[in-house]
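The structure under discussion appears below in the form of structure tokens.
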Amino acid sequence: LTPGRKAPFNLLQAFRSKQAQLIRPKNDVGTRLILKFGDAFEMIIYFIPLLVILRALPQNDDTRTSSTHSQSLTNESEFCTGVVNGSLPTWIPSQNGLDTHKEISVLGMKGSHSTVGRIVAEKLQHSSSLATRVLRQCFADMTYKAYS
């Protein structure tokens, strides 16, 4: 992920299979990695602060908006995004993308967005928190080993 540095082959293969995108703004603030899991979910890994977010992708291709363009999701101007927000991506709700799904299935239940959408959003939020905790623990362990 660092320019000029070779990544392990198995890591590159995994990134290719997940249609990974590395988003590096001009000032490196808000650098993030986006991984897509089929047509259902995406995982966004922010490097500063170290944070993982899982979101549902919209079902219809015509309404699909990628999280790489948080500016278009919030209708902010380039000035607002660059100066006011410091080029940091804006928060995207857990329910973003779920409302385009006609039927949602979770925990053996099937229903519309209005009936089970909130459960899915809560599960995505919980999974995001767990993934963030695991990633931070991995970085903490590697830092501890490097300095001891």
Side-chain angles (χ1 to χ4, degrees), residues 1-61 63-76 78 80-101 103-109 111 113 116-148:
L1 300 177
T2 304
R5 185 174 176 189
K6 288 190 175 184
F9 181 74
N10 60 346
L11 184 61
L12 290 176
Q13 287 297 99
F15 283 165
R16 284 188 190 114
S17 71
K18 299 298 178 200
Q19 302 171 2
Q21 292 178 302
L22 179 63
I23 310 299
R24 296 185 72 188
K26 294 175 188 171
N27 58 2
D28 285 337
V29 176
T31 301
R32 59 202 176 274
L33 180 68
I34 300 175
L35 306 169
K36 293 192 180 188
F37 295 86
D39 292 334
F41 299 100
E42 70 178 354
M43 176 186 286
I44 308 168
I45 302 172
Y46 295 94
F47 293 103
I48 298 177
L50 193 55
L51 179 69
V52 178
I53 297 178
L54 293 166
R55 297 287 176 251
L57 291 171
Q59 191 172 32
N60 302 334
D61 288 336
T63 60
R64 183 169 293 193
T65 54
S66 174
S67 296
T68 59
H69 304 295
S70 60
Q71 178 180 345
S72 64
L73 291 173
T74 58
N75 297 323
E76 293 179 347
E78 189 174 327
C80 186
T81 301
V83 176
V84 177
N85 295 338
S87 297
L88 291 171
T90 53
W91 179 75
I92 301 168
S94 297
Q95 294 183 345
N96 184 55
L98 288 175
D99 53 353
T100 61
H101 293 266
E103 185 173 84
I104 301 172
S105 175
V106 63
L107 300 172
M109 296 176 9
H113 172 265
V116 294
R118 184 170 180 177
I119 296 170
V120 173
E122 290 293 324
K123 289 289 183 187
L124 288 171
Q125 189 69 29
H126 180 70
S127 299
S128 298
S129 299
L130 289 176
T132 298
R133 181 178 176 268
V134 168
L135 189 61
R136 288 180 178 176
Q137 187 64 49
C138 289
F139 273 77
D141 290 346
M142 293 303 292
T143 303
Y144 176 77
K145 288 178 184 177
Y147 290 107
S148 59

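Since the structure is predicted, the reported quantities are computational estimates derived from the model, not experimental observations.
- One distance of note links OH of Y46 with CG of L135; it measures 14.0 Å at 0.5 Å rounding.
- A side chain to side chain contact (heavy atoms under 4.5 Å, CB included) with I44 holds for exactly one of L54, L51, I34, V52; it is I34.
- In this structure, the side chains of L124 and F41 come closer than 4.5 Å at one or more pairs of heavy atoms.
- Taking a 6.0 Å sphere around NZ of K18, one finds it holds more than 12 heavy atoms contributed by other residues, nucleotides or ligands.
- Taking OG of S129 as the reference point, atom CD1 of I53 lies at 9.5 Å (rounded to 0.5 Å).
- Going from atom CZ of R32 over to atom CZ of F47 covers 11.0 Å, rounded to the nearest 0.5 Å.
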- Task: Would you sort out whether Q13 and R16 count as a side chain to side chain contact (heavy atoms under 4.5 Å, CB included), showing the intermediate values?
- Result: CA-CA 5 Å; Q13 287 297 99; R16 284 188 190 114; 2.9 Å; yes
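- Note that NZ of K123 and OG of S128 are 12.5 Å apart. Values are rounded to the nearest 0.5 Å.
- Q125 has its side chain within reach of R55: a pair of non-hydrogen atoms, C-beta onward, lies under 4.5 Å apart.
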- Task: Output, in order, the C-alpha distance, side-chain angles, deciding distance and verdict of side chain to side chain contact (heavy atoms under 4.5 Å, CB included) for I45 and M43.
- Result: CA-CA 6 Å; I45 302 172; M43 176 186 286; 4.0 Å; yes
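- Interatomic distance, CD of E42 versus CD of Q21, reported as 9.0 Å (0.5 Å rounding).
- Panel note: side chain R136, backbone L50; a donor-acceptor pair is recorded below 3.5 Å.
- In this structure, CD on Q137 lies 12.0 Å from OH on Y144, to the nearest 0.5 angstrom.
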- Task: Decide yes or no on side chain to side chain contact (heavy atoms under 4.5 Å, CB included) for L33 and F15, but give the supporting numbers first.
- Result: CA-CA 10 Å; L33 180 68; F15 283 165; 3.6 Å; yes
